[in-house]
Amino acid sequence: MVTIRLHNSLTRRKEVFAPLDAANVRMYVCGPTVYDRAHLGNARPVVVFDVLYRLLRHVYGDAHVTYVRNFTDVDDKINARAREMQKAGDTRDLNAIIRTLTDETIGWYHADMDALGTLRPTHEPRATEFIAQMIAMIRTLIDKECAYEAEGHVLFDVHAWPDYGRLSGRSVDDMIAGARVEVAPYKRDAMDFVLWKPSTDEEPGWDSPWGRGRPGWHIECSAMAEELLGPSFDIHGGGLDLQFPHHENEMAQSCCARPDACFARYWLHNEMVQVDGKKMAKSLGNFFTVRDLLDQGWPGEVIRFVMLQTHYRKPMDWTEEKGRQARATLQKWRAQVAGVTPAEVHPGVVAALSDDLNTAGAIAELHQLSHASDASALLASAQILGLLTPALSGWEQAGPADKADLSLLDDLSRRLAQARERARESKDFSEVDRLKAALVAAGVEVRMSRDGVELVPGPDYDSAKLGALA
RNA sequence: GGCGGGUUGGCGGAGAGGUUACGCAGCGGAUUGCAAAUCCGUGUAGACCGGUUCGAUUCCGGUACCCGCCUCCA
């Protein structure tokens with residue numbers, strides 16, 4: 001059995017991964033709040049944990065890994081967006097707008113993440129479908145005196161959990177000292193956070209022992225993880241910016257509700273996507289969506305490759321230069337593995353991934369396999385990274401969109417070959433050069449070897465520019 | 001202010017206390033009518049200052065700069 005090592009945020013160390021149950025390895029990853037297109041930063045954890053999911057499936061077997069990623073479909077940002085839509089003329093009631101908005105956003109999310117070649121998780125629970133479980137957990141917390149009711153709210157008492165702050169490496173006192181959080185008068189402690197809050201009549205709300213209301217942000221993950229994975233599970237993942245307060249609060253709630261269990265055992269956090277050295281964020285306005293890149297013509301596989309070139313615990317930037325290099329590499333590899341049957345995954349690739357998801361190291365191994373012309377190992381090994389998969393194929397056939405183009409290129413390659421034959425006799429290469437220059441200008445790569453001519457349309461292929469030659 | 005992380009060759013980007021990361025670009029060569037593609041070869045880089053060590057880019061301490069979290073955030 002391969003030994004997987006993962007950096008656990010809880011201990012700030014790389015640890016040997018030992019699942020609670022090798023027959024059912026369980027992972028929970030925080031998913032999106034659904035009111036808008038996912039930006040590149042949102043996509044990073046999806047890709048990173050997709051690689052971990054694939055690695056776990058490789059090691060423990062496809063049927064022995066359960067992966068849960070939630071959709072947060074109850075949230076004040078969603079409500080705010082729906083109100084904007086109302087102001088813009090949408091006459092439906094708020095809940096109807098929200099339902100449409102969240103459904104549509106989930107559809108976008110699936111389409112965009114599918115384009116990046118990520119596998120769908122085993123379960124993708126929507127928060128609104130687990131309100132009963134949240135209410136039950138909140139009741140438990142109140143019963144255990146870890147939470148209290150105040151002015152229609154239910155708040156978690158951070159002092160109820162002695163280890164509060166352990167995950168994010170800070171003490172309650174430190175946090176209060178530098179707290180920028182607005183302290184509501186009904187809070188016993190500034191750091192206490194909301195489990196349940198009242199809703200107005202038009203806002204989404206559910207009946208509860210504390211009146212009609214809606215859950216706070218953190219409780220959904222605790223409730224859904226317990227429902228779908230059990231009170232103790234193996235891996236909890238998400239962006240580094242969720243470490244505090246989201247994950248700290250999740251852990252406090254869950255551990256207080258189920259003190260016999262341990263909630264998540266390995267916490268993994270990916271670093272941020274940056275733009276010009278700053279975190280990509282909606283609030284900073286420096287973001288672009290996955291859809292933006294796809295629409296610009298960047299294949300999902302190229303975006304995925306660029307992401308995996310940087311270790312998940314390091315900040316990364318998207319640049320067009322990286323995109324171009326990734327595209328060239330993938331094009332070369334795809335040509336190399338065309339028609340090849342995948343063999344065994346190269347042990348070096350598994351070893352690299354098993355070392356805290358060293359995807360850059362794994363890619364270096366792929367370069368070696370390509371270099372060694374071991375196409376079947378290259379294919380199998382790339383696929384464990386979700387690269388060179390059938391699902392992401394097609395884009396590398398850039399260029400001739402229709403049969404007319406293909407036959408035109410076919411025709412031109414024959415003409416070029418004939419012109420070259422004649423030129424070899426006559427030593428007059430002017431016609432060859434003319435054809436070649438025109439082809440290059442139209443974005444066609446001209447490959448002339450000793451025994452033939454090959455025309456490969458590149459990314460800038462423009463059939464209109466070949467008109468003069470037709 | 002508190003806590004955490006980073007700084008690697010022209011660019012991107014890893015691992016490892018001592019032996020080539022890797023990719024791209026560049027340079028030299030093979031090949032080519034010339035190119036392209038391909039193949040071969042090629043780079044003592046590790047922010048700065050100290051310390052530990054036979055030996056540190058890798059461990060420890062300090063300095064500088066950068067980033068993240070502490071408010072919603074992947």
Side-chain angles (χ1 to χ4, degrees), chain A residues 9 12 29-33 38-49 69 72 75-77 80 165 168-182 190-191 193 217 237-248 269-274 276-284 287 305-306 308-317 319 321-322 324-326 328-329 332 335 351-352 355-356 358-368 370-371 373 420 423-430 432-433 436-437 439-440 444-450 453-456 458:
Chain A
S9 300
R12 274 155 267 273
V29 174
C30 287
T33 300
H39 66 230
L40 196 65
N42 298 313
R44 190 173 190 191
V46 183
V47 171
V48 164
F49 292 109
R69 188 181 60 217
T72 299
D75 179 276
D76 287 355
K77 288 192 294 295
S168 51
R170 54 190 96 196
S171 71
V172 173
D173 290 345
D174 287 345
M175 287 185 280
I176 291 169
R180 284 188 257 164
V181 64
E182 190 184 331
M191 298 312 297
F193 56 90
W217 176 30
L240 186 61
D241 54 357
L242 295 183
Q243 189 175 26
F244 188 88
H246 186 52
H247 290 164
E248 191 73 62
H269 292 102
N270 62 277
E271 253 287 2
M272 300 291 100
V273 170
Q274 300 194 336
D276 296 328
K278 298 279 183 198
K279 172 183 168 181
M280 177 180 287
K282 286 234 168 83
S283 54
L284 293 175
F287 67 94
F305 188 96
V306 169
L308 296 180
Q309 270 184 308
T310 304
H311 186 85
Y312 78 95
R313 287 194 291 107
K314 290 261 179 90
M316 68 146 276
D317 272 87
T319 62
E321 178 56 26
K322 284 185 181 181
R324 279 190 291 271
Q325 283 187 19
T329 300
K332 180 174 134 187
D355 182 13
D356 195 30
N358 184 358
T359 50
I363 287 171
E365 295 284 343
L366 297 183
H367 281 294
Q368 300 319 300
S370 167
H371 188 70
S373 299
R420 190 162 72 132
R424 276 183 171 150
E425 300 290 321
S426 66
K427 301 295 175 200
D428 174 10
F429 287 91
S430 59
V432 178
D433 287 339
K436 201 166 64 179
L439 284 161
V440 169
V444 180
E445 193 182 287
V446 181
R447 297 180 184 174
M448 292 199 289
S449 65
R450 191 185 305 278
V453 171
E454 198 186 351
L455 299 183
V456 183

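Letters A, B, ... mirror the listed sequences (proteins, then strands); counts begin at 1. What you see below is based on every heavy atom in this structure, not just the backbone, and it leaves out hydrogens, waters and symmetry mates.
- Residue order along RNA chain B, read from the 5' end via each residue's closest nucleotide, puts A/Q243 first among A/P32 and A/Q243.
- With hydrogens and angles disregarded, a donor-acceptor distance shorter than 3.5 Å links the side chain of A/T329 to the backbone of A/Q325.
- For A/T329, whose side chain is taken as the heavy atoms from C-beta onward, the closest listed nucleotide among B/A74, B/G23, B/C72 is B/G23.
- Here B/C67 is the nucleotide among B/C67, B/C72, B/A21 with the atom lying nearest to any side-chain atom of A/K278.
- Across the protein-nucleic acid pair, A/M272 atom CE and B/G68 atom P stand 10 Å apart, rounded to whole Å.
- Nucleotides B/G43 and B/A37 have their C1' atoms positioned 25 Å apart, rounded to a whole Å.
- A/S430 approaches A/D428 most closely through the heavy-atom pair OG-OD1, 2.9 Å.
- At a threshold of 4.0 angstrom between heavy atoms, the contacts of A/G41 include nucleobase atoms, whether or not backbone atoms are also involved.
- Comparing B/G26 with B/G15, their C1' atoms sit 25 Å apart, to the nearest whole Å.
- Distance NE2/A/H269 to CZ/A/F244: 12.0 Å, rounded to 0.5 Å.
- Under the 30°/60° scheme for interplanar angles, the aromatic rings of A/F287 and A/H39 are found to be tilted.
- A straight line from CD of A/E271 to P of B/G5 spans 11 Å, rounded to a whole angstrom.
- Distance, A/E321 CD to B/G10 P: 16 Å, rounded to whole Å.
- Residues that satisfy the side chain to side chain donor-acceptor pair (under 3.5 Å) test with A/E248, not counting sequence neighbours, are A/S168.
- Nucleotides B/C59 and B/U19 are separated by 15 Å at their P atoms, to the nearest Å.
- The CG atom of A/N270 sits 8.0 Å away from the CG atom of A/D241 when rounded to the nearest 0.5 Å.
- Taking each heavy atom of A/V306 and A/A326 in turn, the nearest pair found is CG2-CB, 3.7 Å.
- A/R324 is linked by a side chain to side chain contact (heavy atoms under 4.5 Å, CB included) to A/W298, A/E320, A/E321, A/R327, counting only residues two or more places apart in sequence or in another chain.
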- Message: At under 4.0 Å between heavy atoms, how does the protein contact nucleotides 13-18 of chain B? Give one character per nucleotide, 5' to 3', with B, S or -.
- Response: SSS---
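- We find the NZ-CE distance between A/K436 and A/M448 to be 4.0 Å, quoted to the nearest 0.5 Å.
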- Task: Let me have a per-nucleotide readout for nucleotides 33-47 of chain B, 5' to 3', with B, S or -, counting only protein heavy atoms under 4.0 Å.
- Result: BBBBS--S-------
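- Taking atom C1' in both B/A64 and B/G50, the straight-line distance is 15 Å, to the nearest Å.
- Residue A/L240 contributes atom CG, which lies 12 Å from atom C1' of B/C3 at whole-angstrom precision.
- Distance A/Q325 CD to B/G23 P: 11 Å, rounded to the nearest Å.
- By the side chain to side chain contact (heavy atoms under 4.5 Å, CB included) test, A/D356 pairs with A/L6, A/H7, A/K14, A/H311, A/Y312, A/R313, sequence neighbours left out.
- Across B/A45 and B/U38, the matching P atoms stand 29 Å from one another, rounded to whole Å.
- As judged by a 4.0 angstrom heavy-atom cut-off over every strand, A/Q274 is placed among residues touching the sugar-phosphate backbone only.
- Rounded to a whole angstrom, the distance from the P atom of B/C3 to that of B/G10 is 36 Å.
- The CD-P distance, from A/E365 to B/C22, rounds to 11 Å in whole Å.
- Separating the C1' atom of B/A25 from that of B/C66 is a span of 26 Å, rounded to the nearest Å.
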- Item | Which nucleotides of RNA chain B pair, in dot-bracket form (Watson-Crick or G-U under 3.5 Å, | meaning another strand) | (((((((..(((.....[...))).(((((.......)))))....(((((..]....))))))))))))....
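- Taking atom C1' on both nucleotides, B/G17 is separated from B/U58 by 6 Å, rounded to a whole Å.
- Within 4.0 Å of A/V29, counting heavy atoms only, lies no atom of the nucleic acid at all.
- Nearest heavy atoms, A/R69 versus A/G31: CG-CA, 3.7 Å.
- When every heavy atom of A/P315 is checked against every heavy atom of A/T310, the shortest pair comes out as O-CG2, 3.7 Å.
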- Task: Could you walk me through whether A/R424 and A/V432 pass the side-chain contact (heavy atoms from CB on, under 4.5 Å) test, one step at a time?
- Result: CA-CA 10 Å; A/R424 276 183 171 150; A/V432 178; over 6 Å; no
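- Regarding A/N270, its CG atom lies at a distance of 15 Å from the C1' atom of B/C67, rounded to whole Å.
- B/C69 atom C1' lies 11 Å from atom CE of A/M191, rounded to whole Å.
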